[in-house]
Amino acid sequence: MADEKKLTPQGEDFSAWYNEVVLRSELADHSPVRGSMVIRPWGYGIWENMQRALDDKFKETGHENAYFPLLIPMSFIEREKDHIEGFAPELAVVTRAGGKELDEPYVIRPTSETIIYSMYAKWVQSYRDLPVLMNQWANVMRWELRTRLFLRTSEFLWQEGHTAHATAEEAEEETLLILGIYRKFMEEWIGMPPITGLKSDSEKFAGAVRSYSCEALMKDNKALQAGTSHFLGQNFAKQFELTFQSEAGQEEFAWNTSWGVSTRLVGGMVMTHGDDDGLVVPPRLAPVQVVIVPILRGDDITPILEKAEQVRLQLKAAGIRAKVDARDNLSPGAKYFEWERKGVPFRIEVGPKDIEQGQLALARRLVPVGEKRKMFLPEAQVLGELPARLEAFQTELMVAAQARRESNSIRGVSTVGELEEALASGSGFVYTGWNGTSAVEETVKARTKATIRVLPSEEFRSDKAPTKCVTGEGASVAEVVWARAY
RNA sequence: CGGGGCGUGGCUCAGUCCGGUAGAGCGCUGCGUUCGGGUCGCAGAGGUCCCCGGUUCGAAUCCGGGCGCCCCGACCA
């Protein structure tokens, strides 16, 4: 870095910016283990807020949390053919334990379908035992060739929901219910509005019949698969003999779904809202929503510290997460830069002048056009308005992200050449027709590095459905959205 | 797994070409000063120079081998 104090600007090198901001805002750090990161308190606090919100939504819709083991017998993973084909290259395997070679190796879970459905098989006998609606918060391991903090690490944290149903219709409904929950969560909490839709066969989950995805557009116009919900059909039920006796008395295979979001969402948040000054954390996710910086000037700083603490308690009473930064070895300016880099939405300054005049200085992480960075307002007004200001900030992030997504999307692209040009000129999501073959996906990927992110859900489709495939070969069977992806 | 880069105080790095007392900035500790946008001064602590072997009177530096990490691609959440 030329200037150690500043981050590499996004426009100069987005990837460098991302790495620097994650490290220097203390979200995470590289660990001694290749490809594995340490999530530091600031990053983990954001994840905890995500967890809490999602967990509430899962429970509201009837799901319960449970916990299944980290180690999975190798033979389980191998049972579903597509599943093992998809995961084989990235498995970490335990072959030795207790000082002895194991008779059968254990796989460190890359995902838990196999062990969970083997247990469901034990617990489900009758249609009366269905549906089974469980979720687990866990770590999983996939031995990735190339890793990036939060976006792709060998070990990551996630939730994985696994359900079993009596009918395909009910399972499909569950799949879509969760997709909707993910979408709403991403919009309302992360301010990261995804487009939703179906994955093409080549991009779907290993072992699924259908995969639905939330795809968000990052500031560098690359797509991030931010959450997936899979309709598994009876693929796993058949391999693990997950059967039940129906109302009519017949033995039938259950229908499964699985769905997950991971700590990758933290990376998505970074790349959706961050700027050249650092992170911008949406208020609902911010471990600290308001930082209070006392201006420690004058002979007696006690009243200033007391005032700061009093403000904190009042904010706390209003349901706001606030923190006083009373460190006496840093100047106020140094603290401003630090908290701005960490993305705290609002800052309050309290100095002798303010106490005298009954006012507080209020600064916003993102300054609205035409406003000053810092406002001096009556104390009561600041305290009274902060809840609404936090909500407004949250909304503003969402609106800006959605506007950016749409202005970087192009619809009605009808040739591969145009598609290539659109991507080269910095477009994000490109909508075209598709004849449904994987050959087209391969061709386009080879030429543009872009893949089909989704066959968009109805509300995201263009007013006029494309009639021809983008290659010109054959009729379009579905509109698709292309993008380069993380 | 291909290509590139790098391993030297906590961090970022210089020094390596051309062997000769191990350095800078930041950070850290103490004292003082300052504090409303990255205070300033003085004093101080802190190093098996990634590892193993070789050459040499002498290796951070040269030679051989190994390990690790980061970045770019291919594979993937």
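Nothing here was measured: the structure is a model prediction, and the numbers come from that model. Reminder, nothing fancy here: chain letters follow the sequence lines and each chain counts from 1.
Under 4.0 Å is where a charged nitrogen must lie from a carboxylate oxygen, and between A:Arg142 and A:Glu155 no such pair does.
Here B:G32 sits opposite B:C40 as a Watson-Crick or G-U wobble pair (both hydrogen-bonding atom distances under 3.5 Å). With both pairing distances under 3.5 Å, B:G46 is matched to nothing as a Watson-Crick or G-U wobble pair. Using N1 to N3 plus N6-O4 or O6-N4 for Watson-Crick, or N1-O2 and O6-N3 for G-U wobble, each under 3.5 Å, B:G2 pairs with B:C72.
Side-chain atoms of A:Ile295 lie closest to B:C35 of the nucleotides B:A77, B:C35, B:G37. Between B:G36, B:G37, B:G38, one nucleotide has an atom nearer to the side chain of A:Pro332 than all others, and that is B:G36. Closest to the A:Arg146 side chain, of the nucleotides B:A74, B:C28, B:G38, is B:A74. In this structure, of B:C1, B:G37, B:G36, it is B:C1 that holds the atom nearest to the side chain of A:Leu145. Listed nucleotides B:G36, B:A77, B:C70 differ in distance to A:Arg297; the shortest reach to its side chain belongs to B:G36. Counting only heavy atoms from C-beta on, A:Glu340 has its side chain closest to B:G37 among B:C35, B:G37, B:G36. Closest approach to the A:Lys445 side chain among B:G38, B:C75, B:G37 is made by B:C75 (side chain taken as heavy atoms from C-beta onward). Here the side chain of A:Arg341 is nearest to one of B:G37, B:C28, B:G38, namely B:G38.
Along RNA chain B, the nucleotide nearest to A:Ser31 and the one nearest to A:Glu155 differ in position, and the one closer to the 5' end is contacted by A:Ser31. With RNA chain B read from its 5' end, the first of the two nearest nucleotides for A:Tyr336 and A:Asn329 is the one closest to A:Asn329.
Remark: the separation of the P atoms in B:A24 and B:C71 is 30 Å, to the nearest Å. Taking atom C1' in both B:U61 and B:U56, one finds a spacing of 13 Å when rounded to whole Å. Taking the C1' atom of each, B:A60 and B:A43 are spaced 30 Å apart, rounded to whole Å. Taking the P atom of each, B:G23 and B:C49 are spaced 14 Å apart, rounded to whole Å. For the P atoms, the distance linking B:G58 with B:G19 amounts to 15 Å, nearest Å. The separation of B:G30 from B:C72, taken at their C1' atoms, amounts to 47 Å, rounded to a whole angstrom. Across B:G27 and B:G10, the matching C1' atoms stand 7 Å from one another, rounded to whole Å. As rounded to the nearest Å, B:A74 and B:G38 have C1' atoms that lie 42 Å from one another.
Side chains of A:Ser154 and A:Ser36: a donor-acceptor N/O pair is absent below 3.5 angstrom, by distance only. For the 3.5 Å distance criterion, the side chains of A:His162 and A:Tyr117 qualify, holding a donor opposite an acceptor. A donor atom on one side chain and an acceptor atom on the other are found under 3.5 Å apart for A:Lys199 and A:Gln225. For A:Trp259 and A:Thr257, the side-chain atoms include at least one donor-acceptor pair closer than 3.5 Å. Side-chain contact annotation: A:Asn235 with A:Asp82, donor-acceptor N/O pair under 3.5 Å absent.
Nucleic acid contact class of A:Pro352 (heavy atoms, under 4.0 Å, all strands): base. Residue contacts for A:Lys335: at a heavy-atom cut-off of 4.0 Å it reaches no nucleic acid atom on any strand shown. If you check every strand for non-hydrogen atoms under 4.0 Å, A:Glu144 touches a base. Across all strands shown, A:Glu90 has heavy atoms under 4.0 Å from sugar-phosphate atoms exclusively, and none from any base.
In this structure, CD of A:Glu203 is placed 11 Å from C1' of B:C75, rounded to the nearest angstrom. Atom pair A:Asp325:CG and B:G36:C1' shows a separation of 15 Å (rounding to whole Å applied). Spacing between atom CD1 of A:Ile178 and atom C1' of B:A77 amounts to 17 Å, rounded to whole angstrom units. In this entry the distance linking CD of A:Glu215 with C1' of B:A77 reads 10 Å, nearest Å. At whole-Å resolution of the value, CZ in A:Arg373 and C1' in B:G36 are 11 Å apart. The separation between A:Asp299 atom CG and B:C35 atom C1' is 13 Å, rounded to whole Å. One can place NZ of A:Lys5 at 20 Å from P of B:C11, the figure rounded to the nearest angstrom. When rounded to the nearest whole Å, the span between CG of A:Asp328 and C1' of B:C31 equals 14 Å.
The closest side-chain heavy-atom distance from A:Trp158 to A:Glu160 is below 4.5 Å.
For A:Glu338 and B:G37, a side-chain-to-base donor-acceptor distance below 3.5 Å is absent, hydrogens and geometry of angles not being considered.
In this structure, the side chain of A:Asp354 engages the main chain of A:Gly351 through a donor-acceptor pair within 3.5 Å.
Phosphate proximity of B:A77 to A:Thr111: absent, as no side-chain N or O sits under 4.0 Å from OP1 or OP2. Here A:Asn19 reaches the OP1 or OP2 of B:C71: one of its side-chain N or O atoms lies under 4.0 Å away. Between B:C70 and A:His30, a contact under 4.0 Å exists linking OP1 or OP2 to a side-chain N or O.
Aromatic stacking is marked for A:Phe337 over B:G38, as both cut-offs hold: 5.5 Å for the centres and 30° for the planes.
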